[in-house]
Amino acid sequence: MNPPTPFSVRPVALVTGASRGIGRAIALGLARAGFAVVVNYSASEAAAREVCESIVAAGGTAVAVGADVSQSLDRKKLIAATIEAYGRLDLLVNNAAITSPGRLDLLAATEENWDRVFALNLKGPFFLSQAAVARMLPLIHSGKISGAKIINISSISAFAISTDRADYCLTKAALGMMTGLFAARLADEKIQVFEVCPGLIATDMTASVQAKYDRQIAEGLMPMRRWGAPEDVAQAVVAIATDAFPFSTGERIHVDGGFHLRRL
Ligand code: NAP
């Protein structure tokens, strides 16, 4: 006979791309808020383990799970590992993404890069959400969990044009529609869906363009003249995760120092 699946007393959050940057801050923030956290990574295993160790050292619970979110089999493995570890899934944070490889002008953009970016940034979150919901629904219907959520980490690139990152912009714009689609479909199932749009956040992703954005921020690119920190995004995610928005779904939360405001 198989041993019974454990059932975590803490709500469980799966955070994709949680080894570094914004995902790491989200994992640490959710753990502080009482979630058991599945820390997903694809290449940075040691970094993911360090995130888990920090969480455990602070009295929390976490497990690192390697899975390439752009790959179908890996997505299945990731959800299965979550249930195997904790017996439940309350929150999926679709955070893992890559920027446009080589930042090529759109007239030079390649199909190969397009496929890579779309596979991770859009197809991954879509089908991972589908797989997560398949596990959440029986738990909700049996009364074992309540307040389930999906949070998509999008970007100001969902609406701000960068002609050297067309593929990235298109995936982030589509994540906005994906958020609405899942929010509408899942409202009756009592699963809320949100989109968080970070602005310029100091992480590995923006390290190569730091000098350019340093200059633009000083010149007033956004009303709040500073880089965002991963923790700024994590705070918004934790607020959503801990039910600060009980009568909202499909909502877009900007974490961008006011970048999205049109000004004259
Ligand atoms: P980052 O520093 O480059 O970190 C990316 C994370 O994603 C890493 O943990 C990486 O883990 C993981 N990852 C990469 N490929 C993966 C794959 N195939 N499967 C699973 N995980 C994978 O990026 P970030 O700046 O923190 O960005 C996080 C999210 O915020 C992204 O959705 C990004 O689009 C969004 N965002 C960032 C900014 C910004 O200014 N930084 C602005 C707006 C939106 P491994 O090293 O293990 O592969």
Side-chain angles (χ1 to χ4, degrees), residues 14-29 37-52 64-79 81 92-101 103 115-128 151-160 162 165 167-176 178-179 195-210 212-214 216-217 221-222 226-234 236-237 252-257 259-260:
L14 164 54
V15 185
T16 66
S19 52
R20 299 183 281 117
I22 292 170
R24 176 181 187 277
I26 291 171
L28 294 171
V37 185
V38 177
V39 175
N40 162 247
Y41 65 93
S42 68
S44 309
E45 182 176 357
R49 293 202 184 288
E50 181 272 328
V51 175
C52 292
V65 179
D68 179 343
V69 171
S70 70
Q71 300 297 314
S72 178
L73 277 179
D74 277 29
R75 288 192 290 270
K76 292 192 174 81
K77 191 179 99 180
L78 181 54
I79 298 291
L92 168 63
V93 183
N94 284 310
N95 168 76
I98 50 169
T99 190
S100 187
R103 294 181 181 244
D115 288 344
R116 269 186 65 200
V117 174
F118 270 73
L120 178 60
N121 296 13
L122 185 60
K123 188 177 175 189
F126 185 96
F127 287 102
L128 193 64
I151 303 174
N152 298 316
I153 306 301
S154 178
S155 171
I156 52 175
S157 296
F159 52 87
S162 298
R165 291 185 297 139
D167 41 14
Y168 182 80
C169 292
L170 287 164
T171 59
K172 293 301 186 179
L175 263 188
M178 189 187 119
T179 300
E195 178 189 10
V196 172
C197 283
L200 297 177
I201 311 295
T203 68
D204 294 345
M205 187 180 274
T206 46
S208 67
V209 282
Q210 189 195 334
K212 170 184 154 188
Y213 289 137
D214 276 349
Q216 292 187 1
I217 291 169
L221 180 66
M222 56 265 198
R226 70 162 172 92
W227 280 88
E231 291 71 22
D232 292 321
V233 183
V237 170
R252 169 177 281 179
I253 313 279
H254 297 279
V255 186
D256 64 359
F259 175 90
H260 66 282

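Since this is a predicted model, take the numbers as computed values, not measurements. Both counts, for ligands and for their atoms, begin at 1 and track the order of listing.
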Exercise for the section: Could you check if a side-chain atom of Ile151 sits within less than 4.5 angstrom of a side-chain atom of Val196, using non-hydrogen atoms only? Expected result: yes
Exercise for the section: Check for a donor-acceptor pair, side chain of Thr171 on one end and backbone N or O of Phe118 on the other, with a separation under 3.5 Å. Expected result: no
Exercise for the section: Please name all residues satisfying side-chain hydrogen bond (donor to acceptor under 3.5 Å, both in side chains) with Asn94, sequence neighbours left out, ordered by chain then number. Expected result: Ser129, Asn152
Exercise for the section: Work out which heavy atom in Cys197 is nearest to a heavy atom in Glu195; give both atom names and the distance. Expected result: SG-OE2, 3.6 Å
Contact table ligand 1 N or O to protein N or O, d under 3.5 Å:
| residue | atom | partner | partner atom | Å |
| --- | --- | --- | --- | --- |
| ligand 1 | 9 (O) | Gly17 | O | 3.1 |
| ligand 1 | 9 (O) | Ser19 | N | 3.4 |
| ligand 1 | 9 (O) | Ser19 | OG | 2.8 |
| ligand 1 | 9 (O) | Arg20 | N | 3.3 |
| ligand 1 | 11 (O) | Ser19 | OG | 3.0 |
| ligand 1 | 18 (N) | Asp68 | OD1 | 2.8 |
| ligand 1 | 19 (N) | Val69 | N | 3.0 |
| ligand 1 | 25 (O) | Thr203 | OG1 | 2.5 |
| ligand 1 | 26 (O) | Ile22 | N | 2.8 |
| ligand 1 | 32 (O) | Asn95 | O | 2.7 |
| ligand 1 | 32 (O) | Lys172 | NZ | 3.0 |
| ligand 1 | 34 (O) | Tyr168 | OH | 2.5 |
| ligand 1 | 34 (O) | Lys172 | NZ | 3.0 |
| ligand 1 | 40 (O) | Gly199 | O | 3.3 |
| ligand 1 | 40 (O) | Ile201 | N | 2.9 |
| ligand 1 | 40 (O) | Ile201 | O | 3.2 |
| ligand 1 | 41 (N) | Ile201 | O | 3.2 |
| ligand 1 | 41 (N) | Thr203 | OG1 | 3.1 |
| ligand 1 | 46 (O) | Arg20 | NE | 3.0 |
| ligand 1 | 46 (O) | Arg20 | NH2 | 2.9 |
| ligand 1 | 46 (O) | Ser44 | OG | 2.5 |
| ligand 1 | 47 (O) | Ser19 | OG | 3.3 |
| ligand 1 | 47 (O) | Ser42 | N | 2.9 |
| ligand 1 | 47 (O) | Ala43 | N | 2.8 |
| ligand 1 | 47 (O) | Ser44 | N | 2.7 |
| ligand 1 | 47 (O) | Ser44 | OG | 3.4 |
| ligand 1 | 48 (O) | Ser42 | OG | 2.5 |
| ligand 1 | 48 (O) | Ala43 | N | 3.2 |

Problem - Between Asp68 and Ser42, a side-chain donor and acceptor under 3.5 Å - result: no
Exercise for the section: Could you tell me how the ring of His260 sits relative to the ring of His254: parallel (under 30°), tilted (30 to 60°) or perpendicular (over 60°)? Expected result: parallel
